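Single-structure report; data block below.
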There are 2 protein chains.
Amino acid sequence: MSRTKGAVSIRDVAAAAGVSVATVSRVLSPASAAVPMRKETRGKVERAIEELGYRPNDLARALLQNRTAAIGLVVPDISNPYYPPLVRGVEDVASSHGYRVVLCNTDRDPDKLTGYLDTLIKTRVDGIVVAGGGWTDAPDRTAVLGTYRTGLVAVGRHLTAHPSVRIDNVAASRSAAGHLIGLGHRRLTFLGGPESSTTVQDRAQGFRDALTASALDGLAPAVRFGSFTEESGYALARDVLGSSRPPTALLCANDRIALGAYAAAADTAHRIPGDVSVVGFDDTPIARYVRPTLTTVSIPTYEMGSAAVRLLLAQLAGEDAPAVETMPTRLVLRDSSAAPAAGRAHDVLSLTSSSSSEREVRCASRWRAAGRVACSWLR
Amino acid sequence: MSRTKGAVSIRDVAAAAGVSVATVSRVLSPASAAVPMRKETRGKVERAIEELGYRPNDLARALLQNRTAAIGLVVPDISNPYYPPLVRGVEDVASSHGYRVVLCNTDRDPDKLTGYLDTLIKTRVDGIVVAGGGWTDAPDRTAVLGTYRTGLVAVGRHLTAHPSVRIDNVAASRSAAGHLIGLGHRRLTFLGGPESSTTVQDRAQGFRDALTASALDGLAPAVRFGSFTEESGYALARDVLGSSRPPTALLCANDRIALGAYAAAADTAHRIPGDVSVVGFDDTPIARYVRPTLTTVSIPTYEMGSAAVRLLLAQLAGEDAPAVETMPTRLVLRDSSAAPAAGRAHDVLSLTSSSSSEREVRCASRWRAAGRVACSWLR
DNA sequence: TTGTACGCGTTATCAG
DNA sequence: CTGATAACGCGTACAA
């Protein structure tokens, strides 16, 4: 019996088996099979381990080996539907490599970030994945990491010197706007989130690029900012749709904003997509369930999470990994975007649909893919 | 300089400050202020800590104190929209008490559960929160915990001897069915998930109870089982709605099943709620966004997560906590449930709406609550 | 007021 | 083939 807690230690096992702790350690060692050892001895030890319910103390192991097999995962808020798949991606590849994941929610609060970073360093995690940042002062905050050789990979754009996994927000937005322009829309408005967000800036830029490329930028250089919420989307859309010459298409910085726009359209008697087309960003699960279903840019969040961990592990292994890995997005066409009604599509220009490196896909139902019964409206 | 990694240890600080390690330890000790110490010495130490970017090694500390300040959180799948709020609830109160959270996704696979439990014990977490189980053989699997005095709190029903946080599924389901019966429905069908799930069993039971209480059980004792997916809900609903005398109301074991039912209704030309009312379970975010908005039973998942941690911490502190804490659910009335159309409500009986301990609320928009502009269809 | 020495549970090294 | 022992980084009696 050990003295502290009820915990059984390697010494208890050694005593029970009538051998030394070194022998027990050898049985447990990963190189166990290779090590020559009398079968009988091994048996005694294994029996003792079994009977006592012994579980090696990874703390002691980590202390000695300078490696905890733990990684920290920092997200703004797991309740935001955008993050669960990313978290799952992280956890899946982490656990498949024997790493465990410590989850931290920052609410985008710099102080919380600092606090969590500190905690993670004190517990000596081997590495950290920081998602959804846009921490303008990140360099300062991550400076300590070097001292403890803690790996770091960012997901999304960060002003750090660390490797990162990203998407090309400019191109994705350009593609989405191009889709609308290709449908014949001439008056478009971008409904953004916080102007300080680099993500929003990039998406706004892609929007402007598409207009410029189609020589539409003079007509309606409408870019509005707000926050990443339904409320904000509602307010912006309501304002815009209530103007004397409302746009026929809205490109929204995320799906939540788009949902707000849906509500504003309903309240101002605009039909979607008859009177106004709406396109979102993120392809949140909800996008498939709202009516009309929402055309939106799908972001491979699960893959970004798993890629981040792979990058991190490579970094920890000393391999030289790419500094930035860009993942592909795709525009998922659903029912909220269509050609503008005849009477509304003035300002017509002749143009070809903007070329794009993104794939535009007509999204096939998973049910159909699985060969199940067809189902009309779920896509 | 320390030998391993780049890590700076307490010895490095001591050397830099020209004091002993004990002195440095004293500065860092929580009882630091109480301990008498020359101001100058303390200053030297603090400066050294600052300059070296020293962070105490919590592994060593934990090894010594037999307490890791970590808890494990086991969920079936964080990607399931039901869990993020629960996880957030756990993380919030854990972190506010200085604990960190290790996240584990089991996919309801008993082997994964066992594996994670093992990992958590090896890393000597102080306690574990297991959510969404229904592990029929959980007792065996958690037996080891006793050896290491690892706390455990279950969320949802588990066949273990551990404390748990629950909801009263029977009562909640009875209440939901009562709502439909109160509206005048006489032919109701319960669309369940896996029959092996205790949650499903309870919800089915509450459904039957309500019918029995209204003497309707002879008319349509329709209880169907399947899985917790849209596909299953679609298949069951399609089958049921295609029968010669279809039900006028469907009570679904969760929102995903309800969404499948929506699709089936659309494909069989049944209008919701005109031809058939649909009620779900869980109040997933999607419930507010589908058309018609979905009447459903709201479950306080965030609160269940935070309550679980409070229970766990009490348990760790040796306080005697309640063995089972039951949290209140509420039926959120939206647009998918209404009185049956006149021609369809035969089999009429006179009855009062079933009394219920649950609150039925007409859900007020957060927007309105916040005093923002009214918005017609988002609720 | 500060320093020394031991132990926490392991693993690695080196004898035997 | 197996056992004794020195670390790993820290907290804490106890000594100075």
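Letters A, B, ... are given to chains in the order of the sequence lines, protein chains preceding strands, and every chain is numbered from 1. Note that the coordinates shown come from a computational prediction; the quantities given were computed from them, not determined experimentally. Only this structure's heavy atoms are used, side chains among them; waters, hydrogens and symmetry mates stay out.
- Looking at the side chain of I10(B), the nearest of the listed nucleotides dT10(C), dT2(D), dG11(D) is dG11(D).
- Closest approach of R100(B) and V102(A) over heavy atoms only: CB-CG1, 4.0 Å.
- Taking atom CG of residue L28(A) and atom P of nucleotide dA12(C), one finds them 12 Å apart after rounding to whole Å.
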Would you mind writing out the side-chain donor-acceptor pairs for residues 76-86 of chain A within the sub-3.5 Å range, not counting sequence neighbours?
{"residue": "D77(A)", "atom": "OD1", "partner": "S79(A)", "partner atom": "N", "Å": "2.9"}
{"residue": "D77(A)", "atom": "OD1", "partner": "S79(A)", "partner atom": "OG", "Å": "3.4"}
{"residue": "D77(A)", "atom": "OD1", "partner": "R88(B)", "partner atom": "NH1", "Å": "2.8"}
{"residue": "N80(A)", "atom": "OD1", "partner": "Y82(A)", "partner atom": "N", "Å": "2.9"}

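- Minimum atom distance to the side chain of Q65(A) is reached by dA12(C), of the listed dT1(C), dT10(C), dA12(C).
- Taking 4.0 Å as the cut-off between side-chain N and carboxylate O, D58(B) and R124(A) do not count as a salt-bridged pair.
- Remark: T41(A) is in phosphate contact with dT2(D), judged by side-chain N or O atoms under 4.0 Å from OP1 or OP2.
- N57(A) has its CG atom 18 Å from the P atom of dC8(D), to the nearest Å.
- Atom CZ of R67(A) and atom P of dT11(C) are 13 Å apart (whole Å).
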**Prompt:** Under the side chain to side chain donor-acceptor pair (under 3.5 Å) criterion, do N105(B) and Y116(B) qualify, and how do the steps go?
**Reply:** CA-CA 9 Å; N105(B) 293 283; Y116(B) 277 120; 5.8 Å; no
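- At a threshold of 4.0 angstrom between heavy atoms, the contacts of T23(B) are confined to the sugar-phosphate backbone, with no base atom among them.
- Side-chain proximity of L64(A) to the nucleotides dC8(C), dG3(C), dT11(C) is greatest for dT11(C).
- Distances were taken from every side-chain heavy atom of S20(B) (C-beta onward) to each of dT10(C), dG3(C), dT2(D); the shortest belongs to dG3(C).
- The interatomic distance linking L59(B) (CG) with dC8(D) (C1') rounds to 10 Å, in whole Å.
- Using a 4.0 Å cutoff on non-hydrogen atoms, no part of residues 45-52 of chain A comes near DNA chain C.
- Close to dC1(D), at under 4.0 Å from its OP1 or OP2, lies no side-chain N or O of R38(A).
- Distance CZ (R42(B)) to P (dT2(C)): 9 Å, rounded to an integer number of Å.
- In the model, R166(A) has a side-chain atom that pairs as donor or acceptor with a side-chain atom of S164(A) under 3.5 Å.
- Atom pair L63(B):CG and dG11(D):P shows a separation of 12 Å (rounding to whole Å applied).
- One finds a side-chain N or O of R11(A) lying less than 4.0 angstrom from the OP1 or OP2 phosphate oxygen of dC8(C).
- Taking atom CG of D58(B) as the reference point, atom C1' of dC8(C) lies 15 Å away to the nearest angstrom.
- The base of dG3(C) sits within donor-acceptor range of the side chain of R26(B), with an N or O pair under 3.5 Å.
- Nearest heavy-atom pair, V93(A) versus S306(A), reported as atom, atom and distance to 0.1 Å: CG1-CB, 3.1 Å.
- Nucleotide dC8(D) holds its C1' atom 12 Å from the CZ atom of R124(A), rounded to whole Å.
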Below 3.5 Å, can you tabulate the donor-acceptor pairs from side chains in residues 313-325 of chain B to any protein atom, sequence neighbours excluded?
none

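- Residue D126(B) comes nearest to T68(B) through the heavy atom pair OD1-N, 3.1 Å, listed as atom of the first residue, atom of the second, then distance.
- The nucleotide whose nearest atom lies closest to any side-chain atom of R61(A) is, among dG3(C), dG9(C), dT10(C), dT10(C).
- Residues R55(A) and V19(B) each lie close to DNA chain C; by heavy-atom proximity, the contact nearer the 5' end of the strand is made by V19(B).
- Phosphate proximity of dC10(D) to Y54(B): present, with a side-chain N or O under 4.0 Å from OP1 or OP2.
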